[in-house]
Amino acid sequence: MDNHNNRHPQPGMQTPHQVALADSDTCFKAEPEISVLVAMERAGQQLIPVGCRGGGCGKCRIRILQGDYFSKRMSRAWVSPEQEAGGTVLACRVYARGDLLIKPDPPEIAVSCHAADQPDQQNNKR
Amino acid sequence: MKKGVMRPGHIQLRVLDMEEALGHYRDLLGLIEVDRDDQGRVYLKGWTEVDKFSVVLREADQPGMDFVGYKVLNSEVLAQLEQALKDYGQDVEQIPAGELKGCGRRVRFDSPTGHMFEIYAEKEQTGKWGVEQVNPEAWPRDLTGMRATRFDHCLLYGPNIEGTAKLFQDVLGFDIAEQVIDDEGKRPALFLTVSQKAHDVAFIECPEPGKLHHASFLLETWEDVLRAADLISMTDTSLDIGPTRHGLTHGKTIYFFDPSGNRSEVFCGGDYHYPDHEPVTWTTDQLGKAIFYHDRALNDRFLTVLT
């Protein structure tokens with residue numbers, strides 16, 4: 001009963017790596033056995049949008065500009081094989097293998113309503 | 001008016017990794033694995049379901065829903081509805097008996113929202129899992145995880161939900177049980193039933209066709225929903241929101257994600273519907289309360305994260 005959300009198939013390496021954002025002085029630590037996205041959440045940061053955390057929705061798409069990483073299968077709806085070869089990945093499906101330099105690259109997701117558009121966000125919240 | 005469609009019968013979901021997916025649907029949700037086929041698909045069901053399977057998992061490189069199928073009364077009804085779908089102008093595809101193991105011939109059709117649906121009349125009936133057919137005990141003692149009782153419904157996102165809802169009403173005999181209406185009279189959300197349930201399928205308007213918001217599984221009690229929340233934490237499963245209650249349908253619920261990013265719901269309770277009931281209406285200025293009755297605030301992730 002483990003969906004492997006936070007585990008990595010090759011345990012053993014335990015050194016945390018630094019994940020830095022390009023054009024910014026923010027960074028966070030990423031243990032090699034948890035995904036870059038979950039590492040960011042655990043560091044209390046909101047640098048990459050969080051969606052499904054399972055490689056499906058595309059929200060957490062980033063480009064890895066520098067550094068070694070391991071990645072698991074992710075939805076082809078958001079990352080083509082060519083993009084993946086060029087370092088475009090979903091942060092929930094990549095695990096740092098060294099210090100990383102990344103840049104968020106969230107796709108345009110067409111939806112009809114956003115929470116921010118709702119009038120009751122101002123009027124009706126307790 | 002009823003046209004002989006009985007219930008949601010199966011949903012085929014695409015997953016990125018089958019073993020991880022089984023950790024979710026079998027071990028965490030507690031569905032029963034009943035079969036596998038030579039395409040590598042895995043068949044599961046909730047323990048109370050009498051038909052052989054209700055969930056089919058297929059490994060693919062893009063998560064989401066392949067199709068959802070509804071069971072009709074008998075093969076005469078299937079033939080009538082097949083003709084009615086053609087007359088209505090839908091593209092209809094024949095899927096031969098046995099393409100899904102234990103399932104009779106299926107009639108697959110497209111829809112304005114870009115989803116593929118099926119109707120079928122026959123599926124092998126293996127009975128409720130783990131209890132006798134005569135003098136059945138209350139529940140089987142060797143269930144795992146959340147002990148989900150059945151696949152209940154799905155919520156789908158796509159363009160022109162009015163078109164798909166009209167198809168379901170006019171051809172398949174579904175009713176609108178609940179609706180959301182905006183100040184111009186447009187309906188961005190429609191909940192349809194073919195039974196007494198508050199929803200057998202639901203639609204939300206979205207420009208992107210063919211999207212899955214969630215597949216939902218029924219639990220018995222609120223205590224079971226809280227226990228499901230404990231299991232989500234124990235297994236470090238990706239949580240979306242809950243436990244909470246919906247305004248729409250008034251179901252008590254929790255949302256979380258499978259390891260491929262498909263959203264799951266487990267829920268209990270909620271409203272009922274008879275054919276003479278007017279639809280229950282929520283207005284978009286109260287949408288926060290309609291969706292999350294306690295928080296009364298929407299979150300972007302719930303509205304926009306889809307597979």
Side-chain angles (χ1 to χ4, degrees), chain A residues 1-9 31 33-35 37-38 41-42 46 48-61 71-81 83-84 90-93 106-126, chain B residues 14-17 19-21 23-24 26-28 30 59-64 144-145 157 159 182 188-189 204-208 211-212 231 234-240 256-263 284-290 294-307:
Chain A
M1 201 181 297
D2 182 346
N3 70 1
H4 306 287
N5 203 39
N6 297 320
R7 302 279 166 78
H8 178 259
E31 304 283 342
E33 73 278 8
I34 62 174
S35 74
L37 187 73
V38 171
E41 289 189 276
R42 289 193 183 174
Q46 298 181 336
I48 308 167
V50 178
C52 68
R53 304 183 189 90
C57 75
K59 287 259 172 186
C60 67
R61 196 168 72 182
S71 63
K72 299 207 293 188
R73 197 176 195 180
M74 55 195 90
S75 176
R76 283 284 173 245
W78 307 111
V79 182
S80 69
Q83 286 177 307
E84 193 173 347
L90 302 182
C92 63
R93 300 291 276 182
E108 285 290 314
I109 298 177
V111 288
S112 56
C113 47
H114 280 278
D117 300 337
Q118 290 304 313
D120 59 346
Q121 297 305 299
Q122 289 91 43
N123 302 333
N124 197 41
K125 209 175 165 184
R126 66 195 150 178
Chain B
R14 297 186 300 270
V15 298
L16 294 171
D17 181 297
E19 281 313 306
E20 287 186 359
H24 183 87
R26 182 188 58 200
D27 303 339
L28 179 60
E59 198 170 283
D61 64 9
Q62 184 176 334
T144 59
Y157 271 46
D182 70 15
I204 288 185
E205 189 74 25
C206 158
E208 190 74 24
K211 288 291 182 181
L212 172 70
L231 286 164
M234 287 178 196
T235 54
D236 257 329
T237 296
S238 176
L239 176 69
D240 190 18
F256 50 108
F257 295 98
D258 82 7
S260 307
N262 298 305
R263 190 185 278 98
T284 48
D285 64 334
Q286 296 285 313
L287 193 58
K289 192 174 184 178
H294 299 151
D295 264 3
R296 285 164 280 152
L298 294 173
N299 74 54
D300 231 26
R301 183 167 65 206
F302 190 79
L303 290 173
T304 63
V305 168
L306 308 168
T307 55

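Proteins come first, then strands; the chains are lettered A, B, ... in the order of their sequence lines, and each starts at number 1. Remember, it's a predicted structure, so these values are computed and weren't measured experimentally. Every heavy atom of this structure was used, including side-chain atoms; hydrogens, water molecules and symmetry mates were not.
- Within the 3.5 Å criterion, the main-chain N or O of A/C52 finds no donor-acceptor partner in the side chain of B/R263.
- What you find for B/L16 and A/G54 is that their closest heavy atoms are CD1-O, 3.7 Å.
- Residue B/A60 touches chain A through its backbone alone, counting heavy-atom pairs closer than 4.5 Å.
- Across all their heavy atoms, A/C57 and B/V305 have their closest contact at CB-CG1, 3.5 Å.
- Of all non-hydrogen atoms in B/R301 and A/G51, the two that sit nearest each other are CD-O, 3.3 Å.
- Taking CG from B/D61 and OG from A/S75, the interatomic distance works out to 7.5 Å, rounded to the nearest 0.5 Å.
- Counting heavy-atom pairs under 4.5 Å between each of A/R93, A/M74, A/R73, A/R76 and chain B puts A/R73 at the top.
- The side-chain heavy atoms of A/K59 and B/T304, taken from C-beta on, include a pair separated by under 4.5 Å.
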